[in-house]
Amino acid sequence: MSLLEWESANCYRIRRRGKMRVDAVVYLNNALKRSFGEEEALQQLADAAALPGVVEPVVGMPDIHTGFGLPIGGVMAVDAAGGVVSAGAVGMDINCGVRLLRTNLEAGSLDKPLLRKLLHAIVERVPTGVGKKSRQAALVRKNLPRYLVEGVPFLIEQGFGRPEDLECIEEGGAMRGADPAAVSPEAVERGAQLSTIGGGNHFIELGRVDRVFDAAAAAKLGLAEGQLTVLIHTGSRGFGHQICTDFSALMWKAAARLKLDIPTKGLAAVPISSAEGQRYLAAMACAVNFAFCNRQWITHDVRQAFSAVLGGDDRSYDLGLVYDVAHNIAKFEEVGGKRLLIHRKGATRALPPGHPNNPPLYRDLGHPALIPGSMGTASYVIVAGPKVEQTFYSVNHGAGRVLSRGAAKREIEVEELKESLGEILVLGRNYREYLDEAPQAYKDIEAVIDTFTEIGFTRRVARLQPLAVIKGQGKES
DNA sequence: ATGTGC
């Protein structure tokens with residue numbers, strides 16, 4: 001029997017029981033609710049609701065699925081003064097996020113051979129796949145402490161981007177409080193992975209704006225129907241992974257020492273005010289800045305790839321930044337007059353119009369949230385309205401898995417994957433490597449987007465249809 | 001997600 005009780009349109013409640021200190025809620029529209037099978041993820045929300053200092057409610061996004069500790073598609077806000085911080089509630093890929101570039105090109109003006117050339121030019125510059133290091137590993141190692149502390153402004157100073165990029169990155173591309181001394185030598189070693197996309201669901205995608213839903217908002221974002229776009233999805237690579245691993249173990253021990261009642265290892269947590277908590281936040285900020293720098297470096301490589309293939313210079317095709325937003329991060333924010341530490345794991349911040357934390361350029365509109373679908377389906381650009389305060393200014397981060405990676409590899413055939421990709425160009429060695437990323441392994445992005453649209457939390461702005469995709473190589477199984 | 005699992 002499900003823990004979910006109907007609360008209001010597209011909203012279900014998990015009522016406080018057992019060790020839960022507060023209720024949890026989950027947002028699902030009727031289509032998603034009918035086929036919902038994520039009972040384990042619901043239990044993870046309930047577990048999170050038992051942590052000290054947690055603030056009502058723990059929130060599940062429409063793309064929720066089981067993760068390590070907090071489910072992916074989970075939001076856990078805690079009191080900034082008396083609450084705990086949990087590495088597992090941010091996730092392994094700290095500041096995994098999405099960045100969207102616009103171009104001044106009509107997607108229809110590029111034929112398939114030209115798209116293929118662009119993909120090759122990009123992949124020549126951007127290493128893909130698990131464990132891959134930067135092509136400029138020596139430079140990365142030399143400057144790593146400055147990337148970690150100063151973030152994208154430093155990278156741009158070094159020639160990897162344009163000053164105006166900064167206004168279109170969450171946090172201006174530099175989270176404060178980063179301290180490299182909080183980062184283990186093992187993590188520093190893996191820092192050489194800066195400027196690479198990685199594997200799994202990470203990608204670089206050339207797409208086409210196939211539909212504009214809100215002309216005024218799209219115009220503000222510089223998006224128009226038929227336009228070629230570039231979408232980049234990656235995070236902090238092995239660097240952030242190592243930090244999560246290190247601190248999750250450290251927090252578990254510290255919590256035992258402090259006699260905190262923590263429900264599961266994945267939710268290992270310590271008081272924000274503790275030495276361990278402060279150290280995690282300082283290390284996490286390093287990984288946040290690492291990931292912002294990663295997407296910035298890749299942007300630079302993409303710009304160079306375009307001019308290498310099409311001629312002209314770095315600015316000939318615009319390739320300006322629409323926005324860059326994280327979906328695995330913990331941040332201090334004020335909601336409803338209370339200062340909170342909001343853990344978002346597989347959840348995208350979406351600030352409403354007029355919110356002071358929007359960048360000036362998007363103050364009146366509210367910054368866009370970028371929601372990728374799967375490798376064969378559309379992605380969305382959306383903006384939030386005032387009601388999104390109920391989710392601590394958070395929306396979903398993607399379509400959400402419906403099959404685990406293992407199940408997808410067992411159950412989906414290569415031919416089915418190929419068929420669902422249709423005309424989309426995919427650069428990679430072997431389709432077998434992407435079975436766990438097949439569209440069939442994901443929920444219907446339309447139903448996921450509908451969930452918040454139907455109840456007025458968000459508005460669709462534009463839909464991006466994939467044309468050509470670079471995926472990080474995975475493992476055949 | 002990940003130099004990929006107890």
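In what follows, every heavy atom counts, from backbone to side chain, and hydrogens, waters and symmetry copies are set aside. Chain letters run A, B, ... following the sequence lines, proteins first and then strands; every chain starts at 1.
Spacing between atom CD1 of A/Ile197 and atom P of B/dT2 amounts to 10 Å, rounded to whole angstrom units. One can place CG of A/Asp436 at 14 Å from P of B/dG5, the figure rounded to the nearest angstrom. For A/Asp246 and B/dT2, the CG to P distance is 16 Å, given to the nearest whole Å. When rounded to the nearest whole Å, the span between CG of A/Asp93 and P of B/dT4 equals 16 Å. For the pair A/Gln193 CD and B/dT4 C1', the interatomic distance rounds to 13 Å; values are reported in whole Å. Taking atom CZ of A/Arg405 as the reference point, atom P of B/dT4 lies 15 Å away to the nearest angstrom. Atom NE2 in A/His202 sits about 16 Å away from atom P in B/dT4, given to the nearest Å. Atom NZ of A/Lys345 and atom C1' of B/dT2 are 13 Å apart (whole Å).
Taking a 4.0 Å limit (strictly below) on heavy-atom distances, residues 232-239 of chain A reaches DNA chain B at A/Arg237, A/Gly238.
Among the atoms of the strands shown, none is found under 4.0 Å from any heavy atom of A/Glu186.
Judged purely by distance below 3.5 Å, without hydrogens or angles, the side chains of A/Thr391 and A/Ser394 never pair a donor atom with an acceptor atom.
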Donor-acceptor pairs under 3.5 angstrom involving side-chain atoms of residues 269-278 of chain A: please list them, not counting sequence neighbours.
residue: A/Ser274; atom: OG; partner: A/Pro271; partner atom: O; Å: 2.6
residue: A/Ser274; atom: OG; partner: A/Gly277; partner atom: N; Å: 3.0
residue: A/Glu276; atom: OE2; partner: A/Arg257; partner atom: NH2; Å: 2.6
residue: A/Gln278; atom: NE2; partner: A/Ile272; partner atom: O; Å: 2.8

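In this structure, A/Arg141 pairs ionically with A/Glu189, as a charged nitrogen and a carboxylate oxygen lie closer than 4.0 Å.
Using the six-membered ring where Trp is involved, A/Tyr147 and A/Phe154 have ring planes that are tilted, between 30° and 60° apart.
Among residues two or more places apart in sequence or in another chain, the ring-ring contact (aromatic ring centres under 6.0 Å, His included) test is passed with A/His327 by A/His233, A/His397.
In this structure, A/Arg401 forms a cation-pi arrangement with A/Tyr442, its terminal cationic atom sitting closer than 6.0 Å to the ring centre and no more than 45° off the ring axis.
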